[in-house]
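For reference, the structure is listed below as structure tokens.
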Amino acid sequence: MADAKREIERKYESDDSGLPDLTGVGGVAAVLDKGLVELDATYYDTADERLAAAALTLRRRTGGSDAGWHLKVPVAPGVRDEIRAPLSDTVPEEIAALVRSRVRHAELVPLVRLRSARDVRHLVDADGTLLAEASVDAVTAERLTGRGGAAQWTEIEVELADDGDPAFLDLVEKRLRKAGVRPSASPSKLARALEETATDRTVTDQTGERRRKKSKKHAPPETAGDHVLAYLRAQRDALVELDPAVRRDVPDSVHRMRVATRRARSTLRSFRSVLDRAVTDPVGAELKWLAGELGLDRDQEVMAERLTAALDALPSDLVTGPVRERLTSWAEARHGGAHARVTGVLDSRRYLTLLDTLDTLLTDPPLRKPAGKQPEKVLAQAVDEDLAALSALVEQAIAAPPGEERDTAVHEARKKAKRTRYAAEAATPALGKPAGSLTKAMKSLTTLLGDHQDSVMTRLTLRELSAVAHAAGESAFTYGVLYGREEARAARAEAELPGLWKEIRAAASG
């Protein structure tokens, strides 16, 4: 099984390739020589280098203390999560799954081989505790495809110890800079190897300094179509980027991926004057399917958090029976099953086809005539239409009698409020403050309506848990108390809705 490690490191270059004395820097009491390590790594990617384009590195490495397969995922500048799997001849399935949203149906092939002679030093404090590992790497890179170019260089690498303070690296860098050591021009060894072993991708200036070609960027949006496609592209990118986190069960990743799915679908529906619905409606249907599958895990997660918080808030004398234990076992069982289902969805041909379809939609968009117009009028009209439809649903929810009819009406209003929020969000770069203000207002409204819907679903869950507890001979008293509190929360949301909606309407009309 693969495991993960957070890696915080910085890379440097030096004309004389030396490591200056770091004793005394940030509490470093000694610099221990740990000897020379020979590392041999083969990096894998698709033929068109999709992983490299996303700053992902996948390698099979021998030598050192962590031989095996490593997938490095960027988190922030200088910070990466390294997912590891045992050494094998082929890419382990658990690693391949984490890059599937990028690779799709393409083959992972050996791209570059890097051999490093690593001179390792440990920076320790007065108690002998490791603060960081500093190394000087003599690197030989060999391109395994095409004409097979080669390159050599030396770099300094400083990696923070587990649970170390990143501020320590700032102190080390200050010392290195004083010694003439400069930050590396490349974010990773692989990036430098790809650049220096492919002469058609390398640019050299008169001083011999390496300069990377800038990656292509999309032009700033100008037309209505540009703005809609920019927003849709951001959601496609979010789906692809969040896929590995969902597979790894990273907290909040399912929620974020579901939101991106909903935003993409809402974009296709709200801006039907810009994009041809004959083409986008089938895509929207697939996005609705994906959001529903992700919701199985997310809804359970929200329910568990809500019930746990509610139980924690109860006085101890109102908790009778093994309520907490039953809630915990219910949450764990439901989450395990839901996560396995979601992982299966992400491995499915249907999901991968959806990603391919989104790529095609963005590459060759089915633009209608208004797409080429200035964005202000076109986008504002789309937002106004969503807001008008929302207004009718909110008024209907306010007028509906309490109970199931109002619950349904509030839920429908919530869905439309989300769509209006996303439309305003997409239009904000073009419309400015008015759209930004509407986005904030819709966030407040969806929060209120969402709390109401969560209460409805929580009460259904409490009924189920209460029935199971009763059948097991346990007291159902606490479930009843929690149910009553959820009813009160829903009633408060219903009472607040008319006032909030009046404020929103007044602000929108002003």
Side-chain angles (χ1 to χ4, degrees), residues 1-7 9 35-74 80-118 120 133 135 137-152 157 159 186-198 240 243-250 340 343-344 346-349 351-352 355:
M1 294 295 291
D3 58 5
K5 177 181 181 297
R6 177 62 54 87
E7 178 185 84
E9 66 178 18
L36 193 68
V37 178
E38 298 290 341
L39 305 174
D40 191 341
T42 299
Y43 287 77
Y44 285 69
D45 203 338
T46 60
D48 54 359
E49 300 177 16
R50 300 178 193 179
L51 300 186
L56 297 170
T57 61
L58 171 61
R59 72 188 180 198
R60 179 187 185 275
R61 191 169 78 178
T62 59
S65 60
D66 61 346
W69 287 91
H70 306 152
L71 172 65
K72 297 195 177 188
V73 181
R80 295 186 292 184
D81 280 343
E82 184 178 271
I83 297 97
R84 301 173 177 176
L87 201 62
S88 61
D89 292 335
T90 58
V91 182
E93 172 56 28
E94 59 265 40
I95 296 290
L98 295 178
V99 298
R100 191 157 290 142
S101 64
R102 303 278 184 187
V103 174
R104 313 282 172 82
H105 309 290
E107 182 183 3
L108 288 169
V109 296
L111 191 65
V112 169
R113 182 184 183 187
L114 293 181
R115 285 169 288 177
S116 303
R118 171 166 292 181
V120 181
E133 180 178 284
S135 62
D137 293 355
V139 184
T140 300
E142 177 188 1
R143 171 82 61 152
L144 302 178
T145 59
R147 288 176 293 173
Q152 292 183 332
E157 184 176 292
E159 181 177 349
S186 297
S188 67
K189 288 184 176 67
L190 176 61
R192 183 165 181 174
L194 289 174
E195 176 189 344
E196 296 199 358
T197 61
V240 173
D243 178 296
V246 171
R247 293 175 185 271
R248 294 170 56 203
D249 207 12
V250 174
T343 301
L346 299 186
D347 285 333
S348 69
R349 180 179 296 275
Y351 165 71
L352 296 176
L355 295 183

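Along the sequence shown, residues are numbered consecutively beginning with 1.
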For [X], give me all partners under side-chain contact (heavy atoms from CB on, under 4.5 Å), at least two apart in sequence or on another chain.
X: Val250; value: Ala245, Arg248, Ser253
X: Glu93; value: Ala96, Ala97, Arg100
X: Ala67; value: none
X: Ala138; value: Ala117, Thr154

Could Asp3 and Arg84 be called an ion pair, given the rule that one side-chain N must be under 4.0 Å from one carboxylate O?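 Between Arg84 and Asp3 there is no salt bridge, as every charged N stays at least 4.0 Å from the carboxylate O atoms.
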Is any NZ, NE, NH1 or NH2 atom of the basic residue among Arg61 and Glu82 found under 4.0 Å from an Asp or Glu carboxylate oxygen of the other?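 Salt bridge absent between Arg61 and Glu82.
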Could I get the full list of salt bridge (charged side-chain N to carboxylate O under 4.0 Å, His left out) partners for [X], not counting sequence neighbours?
X: Arg6; value: Asp81
X: Arg113; value: Asp40
X: Glu7; value: Lys72, Arg80
X: Glu38; value: none

Minimal non-hydrogen separation, [X] against [Y], with atom names:
X: Pro110; Y: Thr145; value: O-CG2, 3.6 Å
X: Val112; Y: Ala193; value: CG1-CB, 3.9 Å
X: Pro74; Y: Ala54; value: CG-O, 4.0 Å
X: Ala47; Y: Val109; value: N-CG2, 4.4 Å

List in chain and number order the residues that pass side-chain hydrogen bond (donor to acceptor under 3.5 Å, both in side chains) with [X], two or more places apart in sequence or in another chain; answer none if no residue qualifies.
X: Asp48; result: Thr46, Arg50
X: Ser88; result: Trp69
X: Tyr43; result: Arg59
X: Arg102; result: none

Rounded distance (nearest 0.5 Å) linking atom [atom1] of [X] with atom [atom2] of [Y]:
X: Leu39; Y: Asp137; atom1: CG; atom2: CG; value: 7.0 Å
X: Thr343; Y: Asp249; atom1: OG1; atom2: CG; value: 8.0 Å
X: Glu9; Y: Glu133; atom1: CD; atom2: CD; value: 10.0 Å
X: Ile95; Y: Leu108; atom1: CD1; atom2: CG; value: 11.0 Å

Is there a side chain to side chain contact (heavy atoms under 4.5 Å, CB included) between Leu51 and Thr57? Walk through the geometry before answering. CA-CA 7 Å; Leu51 300 186; Thr57 61; over 6 Å; no
If only atom types and distance count, is the side chain of Arg247 paired as donor or acceptor with the main-chain N or O of Leu346 below 3.5 Å?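 Yes, because the side chain of Arg247 sits within donor-acceptor range (under 3.5 Å) of the backbone of Leu346.
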Any donor-acceptor pair under 3.5 Å from Asp45 side chain to Ala52 backbone: yes
Is there a side-chain contact between [X] and [Y] (heavy atoms, below 4.5 Å)?
X: Asp89; Y: Arg60; answer: yes
X: Leu98; Y: Leu58; answer: no
X: Ser186; Y: Glu196; answer: no

Looking just at side-chain N and O atoms, do Arg143 and Thr197 make a donor-acceptor pair shorter than 3.5 Å? yes
